[in-house]
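Right, one structure below, let's go through it.
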Amino acid sequence: MKTTSKAKEGALIEEMVAALGDRFGQAPEVGVVLGSGWSEGAGTLLGDAEEIPLADLPHWPLPAVEGHGGSLAVGTIVGRRAAVCGGRVHAYEGRPARELVRGVRALVGWGTPSILLLNAAGSLREERLPGSLMPFSDHFNVNLPDPNAADQTPDGKPVFLDTVGLYSPGWRERLCAARPELEPGVYMGLRGPSYETPTEVVILRGHEGAAVGMSTIPEALAARAAGAEVMAISLLTNFAAGIQGSAPSHEEVMDAARAHAGVAATVLEAAIQFAP
Ligand code: HPA
């Protein structure tokens, strides 16, 4: 019967929560999921960190994509206790939504009140240059899977989630007041892994999009449903296909992410400082 697999996801998350408590004690103030390229800068920020491979935690889906580290570190950043997860799994790896969000659900279940999601994305606007950073003002979920569907939730019930203010307005305002160069924008989420076509880019631009990427939305929807405050920030690594003649490649994305890791780390630090 369906209830068996439903109950199973909840049981997995309970085991993950127990393991986090056993290993690290009290829950942190902020949980961070690093995306492509964010790991290098973030590694330098954590003081007094305890770090373990995700493989040593039960049921944690292991990142397979280059640029996504495989560990969880708990320590202090700007005086705040933070858990930093070195990578994520993606829908384009063939993973169901419940696996994309299992780590975030475990962090929130542990008692983490604020979740910060980071990624690399393509710029849909000429004025948003590669190397700039974009806090999410909102998203448009083109075709990423929804973790709040009945067969993806911990208890097997659908969550009819209110998504107004999904990306915490207060958190974003405090961050942008301190870092006025940051311009919030709407993130367009596509499953990938093929990059969008130039025609798709024209359509996405026409629908308010400022950046395009292949992640983050499922985790944001799950974190909100679990009761957390959510913030997401894209590091714009390239112009999306057809803008300024761009033809994105994974190498370009990774090279740009590495090149801009330093500034990304300073924004990460500020985002943690201003977390609710
Ligand atoms: N498109 C989709 N995802 C991305 C891109 C892009 O141009 N750059 C980094 N992630």
Side-chain angles (χ1 to χ4, degrees), residues 32-42 63-69 85-95 97 100-101 116-145 167 182-221 231-265 267-268:
V32 183
V33 179
L34 300 174
S36 304
W38 287 82
S39 317
E40 288 162 46
V65 178
E66 190 215 338
H68 286 261
C85 180
R88 56 164 57 88
V89 294
H90 298 83
Y92 60 68
E93 295 170 54
R95 304 277 199 153
L100 309 184
V101 305
L116 174 60
L117 304 168
L118 306 169
N119 64 39
S123 168
L124 290 167
R125 307 265 155 206
E126 286 83 354
E127 67 275 16
R128 289 185 183 267
L129 300 178
S132 59
L133 290 121
M134 187 196 85
F136 284 31
S137 57
D138 203 352
H139 76 231
F140 177 24
N141 189 1
V142 178
N143 62 357
L144 284 163
Y167 301 97
L182 297 176
E183 174 133 10
V186 177
Y187 176 89
M188 315 299 269
L190 279 77
R191 186 172 189 274
S194 306
Y195 287 108
E196 48 292 331
T197 66
T199 302
E200 287 164 341
V201 166
V202 170
I203 304 254
L204 295 170
R205 281 162 59 100
H207 286 76
E208 307 285 323
V212 58
M214 305 176 191
S215 69
T216 307
I217 292 174
E219 292 145 296
L221 295 170
M231 156 88 100
I233 306 174
S234 290
L235 167 58
L236 304 183
T237 47
N238 58 284
F239 284 119
I243 298 183
Q244 307 278 33
S246 168
S249 69
H250 191 59
E251 292 67 40
E252 178 190 4
V253 168
M254 294 313 303
D255 286 350
R258 271 188 286 271
H260 300 292
V263 64
V267 170
L268 167 53

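When a ligand or atom number is given, it counts from 1 through the structure's own listing order. Counting from 1, the numbers follow the sequence of the chain as shown.
With sequence neighbours left out, the side chain to side chain contact (heavy atoms under 4.5 Å, CB included) criterion links Ala261 to Glu40.
Between Val32 and Trp38 the shortest side-chain heavy-atom distance does not fall below 4.5 Å. Between Tyr167 and Ser137, every side-chain heavy-atom pair lies at or beyond the 4.5 Å cut-off.
Judged purely by atom type and a 3.5 angstrom limit, Tyr92 has no side-chain atom pairing as donor or acceptor with the backbone of Leu190. Checking side-chain atoms of Arg125 against main-chain N and O of Arg205 turns up a donor-acceptor pair under 3.5 Å. Arg88 places a side-chain N or O within donor-acceptor distance of the main-chain N or O of Leu118, the cut-off being under 3.5 Å.
Annotation: ligand 1 has protein neighbours Ala120, Ala121, Gly122, Tyr195, Glu196, Val212, Gly213, Met214, Thr237, Asn238, Pro248, Val253, each with a heavy atom less than 4.0 angstrom from the ligand.
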